[in-house]
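For reference, the structure discussed in these notes is given below.
Quick note: numbers below take in every heavy atom, side chains included, and nothing from hydrogens, waters or symmetry partners. Read the numbers this way: they start at 1 and go in the same order the structure lists the ligands and their atoms. Note that the numbering runs from 1 along the sequence shown for the chain.
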Amino acid sequence: MKLELLGVRGSTPSPGPEFVRYGGHTACVAVVPNGADEPTLVLDAGTGIRSLTSRLGGRPYRGAIMLSHLHWDHAQGIPFFVAGDRADSEVELYLPAQDGQSARDLLARMMSPPSFPIEPEGLLGRWSFHALEPGRSAVAGFEVTAAEVTHKGGRTFGYRVTDATGSFAYLPDHAPALGLDDDVRQLVAGVDVLLHDAQFVETERAMADAYGHATIDDAVDLATAAEVGALVLFHHSPARTDDQLDVLAQETRAPMPILVARQGQTLAVPV
Ligand SMILES: [Zn+2]
Ligand SMILES: [Zn+2]
């Protein structure tokens, strides 16, 4: 399979000349199955999902979207995803079950007046909304395992995605320093590629802990313990400039290859 990194920022988009090389869109990763040309699975729907419309070249989106959680930087792109918001689109949307509410009602907490002009059923095409529990599911031809991870403000999942040729894990918002369960260790164990929260650096430890995020060192420690094939530092701080990310890319040491996620990049899994 292939991963197309459509948005690699956390918190808010980062427009401006200091952010053009790594990109300013918030979290979104499109997954293209082996032998296919187009993605059938999208992880998170930050503003990066907007670029999937042009990527599809005029065709509708037919596939799944799995949200790690409902924070704005992971869900704000949904109503702006034109290829999914047309009469002939078919979208299965998954998000972490919580508070005994339906997936539709959970999504409507951010996507309804007065916060937003339309509600989930205002999206065109065939949309279905699923409140997901931890465990294994078959989604869009992939085997997907979900596990609850430590973050702040609402239930957050990490996902492990497997097909016949490889596996990757996606944990964009995760504070392993605040608690790391065995099921999360198992989720990332031995994956070919780990995309992990790297919003902060060690000098920002207090903020990382306060907001429930990882530092780059946390990501490297987890990747090392899990013996992953490659680590992709993801969910960059919106204030981290291209030049600063270049320095971090050069300075970070780990026993496996490390990549600093860059919007527009395509990664093969295994790398
Ligand atoms: Zn986030
Ligand atoms: Zn978050």
field: Derivation of the side-chain hydrogen bond (donor to acceptor under 3.5 Å, both in side chains) call for Y170 and D44
entry: CA-CA 10 Å; Y170 176 77; D44 279 333; 2.6 Å; yes

query: Can the ring centroids of F116 and F80 be said to lie less than 6.0 angstrom from one another?
result: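 Close enough - the centres of the two rings lie under 6.0 Å apart.
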
- prompt: Would you say E227 has more than 12 foreign heavy atoms packed within less than 6.0 Å of its CD?
  reply: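 12 or below, so no.
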
task: Not counting sequence neighbours, which residues clear salt bridge (charged side-chain N to carboxylate O under 4.0 Å, His left out) with R136? List them please.
output: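 For R136 the salt bridge (charged side-chain N to carboxylate O under 4.0 Å, His left out) partners, ignoring immediate neighbours, are E143.
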
field: By ring-ring contact (aromatic ring centres under 6.0 Å, His included) - contacts of F157 (at least two apart)
entry: none

field: Partner residues of H235 under the ring-ring contact (aromatic ring centres under 6.0 Å, His included) criterion, sequence neighbours left out
entry: H74, H213

task: Could you pull out the N/O/S protein atoms under 2.8 Å of the Zn ion (ligand 2), ignoring any water?
output: H69 NE2, H71 ND1, H151 NE2, D173 OD2

field: Atom of H235 nearest the Zn ion (ligand 1) (restricted to N/O/S, atom name only)
entry: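 The H235 atom nearest to the Zn ion (ligand 1), restricting to N, O or S, is NE2.
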
